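Down below is the structure, laid out as structure tokens.
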Amino acid sequence: MTDKEPRTRLDPRYSDPAATATDWATAEARLSAAEQFWISTVRPDGRPHVTPLPAVWSAGALHFCTGPEERKARNLDGNPHVVLTTGTSTWDKGYDLVVEGAAVRVTDEERLRELAAAWEAKYGSFWRFDVRDGAFHHGSGYAYVFAVAPRTVFGFGKGEPFSQTRWRFECVPDKDVPDKGVKPWT
């Protein structure tokens, strides 16, 4: 996961002259507080797939869960690259964030228990999970958990002053990302 400060840059092409770059701590707080994200994955035939989901920011990464037979899980089996977005649906107020990275499955049960507690703390008892066999269990179903350490994050300040901040992380490919002809950090 990422634990270094990213390189931060305000893009003047898409920002008001009065705008300043948003600091990473503010962006991280927004990621932690956001309840709804949209994940973009790629189907085996190259078509995009987008779906909403809840996510938890923890230890420098966004975490989400999905059933192993769901489209996004099947897509990740062939291509771990994802984009997660969150923000507001207005054009002139609020702040949007776009997180790019590679999804890595989390199977360590101690870590999964920490994440299950984080899910319940953030979303309430509806999102209570048991942990066993390297997965979240809820009722009769189970879900894989994935971590996405950001490679690049974009922030879009909406309203006066409009701004676009980019944070780039120096990442080393994770040993747990399977190399299926895809280079996670290129």
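Nothing here was measured: the structure is a model prediction, and the numbers come from that model.
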Nearest-0.5 Å distance, [atom1] of residue [X] to [atom2] of residue [Y]:
X: T66; Y: L53; atom1: OG1; atom2: CG; answer: 7.5 Å
X: R13; Y: Q164; atom1: CZ; atom2: CD; answer: 7.5 Å
X: D77; Y: T41; atom1: CG; atom2: OG1; answer: 12.0 Å
X: R168; Y: T8; atom1: CZ; atom2: OG1; answer: 12.0 Å
X: R7; Y: T152; atom1: CZ; atom2: OG1; answer: 8.5 Å

TODO: Show your reasoning for whether side-chain contact (heavy atoms from CB on, under 4.5 Å) applies to K122 and W127.
DONE: CA-CA 9 Å; K122 183 174 183 178; W127 292 92; over 6 Å; no
Test: salt bridge (charged side-chain N to carboxylate O under 4.0 Å, His left out). Region: [range]. Which pairs qualify, not counting sequence neighbours?
range: residues 90-99; answer: D96-K158
range: residues 48-68; answer: none
range: residues 125-144; answer: E120-R128

Identify the heavy atoms of [X] and [Y] that sit nearest to each other, and give their distance.
X: A103; Y: V82; value: CB-CG1, 4.2 Å
X: T165; Y: T20; value: OG1-O, 4.5 Å
X: F37; Y: L31; value: CZ-O, 3.6 Å
X: A27; Y: L97; value: O-CD1, 3.8 Å
X: A143; Y: C65; value: CB-CB, 4.0 Å
X: G94; Y: T88; value: CA-OG1, 3.9 Å

Using a 3.5 Å distance criterion without hydrogens, assess whether the side chain of [X] forms a donor-acceptor pair with backbone atoms of [Y].
X: W167; Y: T22; result: yes
X: S40; Y: V50; result: no
X: R74; Y: P68; result: no
X: R105; Y: G134; result: yes
X: S32; Y: E28; result: no
X: S163; Y: S15; result: no

Task: Y142-L76 co-clustered via ILVMFWY side chain contacts under 4.5 Å - done: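 Yes, it is one cluster - the side chains of Y142 and L76 are joined through contacts under 4.5 Å.
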Check side chain to side chain contact (heavy atoms under 4.5 Å, CB included) between [X] and all other residues, then give those that pass, not counting sequence neighbours.
X: A116; answer: F129, V131, F136
X: R43; answer: D45, R47, H49, R71, N75
X: E35; answer: Y123
X: D16; answer: A18, A19, E160, P161

Open item on the list: Apply the hydrophobic cluster definition, ILVMFWY joined by side-chain contacts under 4.5 Å directly or through others, and give me every member besides V98.
Closed with: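 V98 clusters with V83, F154, F156.
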- [ ] Establish, from distance only, whether the side-chain atoms of E5 and W24 form a donor-acceptor pair under 3.5 Å.
- [x]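 Distance-only check fails for E5 and W24.
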TODO: Decide whether T26 and Y95 meet the rule of one side-chain donor and one side-chain acceptor closer than 3.5 Å.
DONE: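 Checked: T26/Y95 side chains show no N/O donor-acceptor pair below 3.5 Å.
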TODO: Applying ring pair (Phe, Tyr, Trp, His ring centres under 6.0 Å), name anything that partners F64, two or more places apart in sequence or on another chain.
DONE: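 Expected list: F146.
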TODO: Please identify each residue that fulfils side chain to side chain donor-acceptor pair (under 3.5 Å) with T85, with sequence neighbours left out.
DONE: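 Side chain to side chain donor-acceptor pair (under 3.5 Å) list for T85, sorted by chain: empty.
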- [ ] Return the set of residues passing salt bridge (Lys or Arg N to Asp or Glu O under 4.0 Å) with E114 (not counting sequence neighbours), or none when no residue passes.
- [x]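 Listed in chain order: R111.
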- [ ] Could you list the residues that satisfy salt bridge (Lys or Arg N to Asp or Glu O under 4.0 Å) with K72, not counting sequence neighbours?
- [x]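 By the salt bridge (Lys or Arg N to Asp or Glu O under 4.0 Å) rule, K72 matches E70.
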- [ ] Would you please classify the geometry between the W91 ring and the F162 ring as parallel, tilted or perpendicular, with 30° and 60° separating the classes?
- [x]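 Correct class here is parallel.
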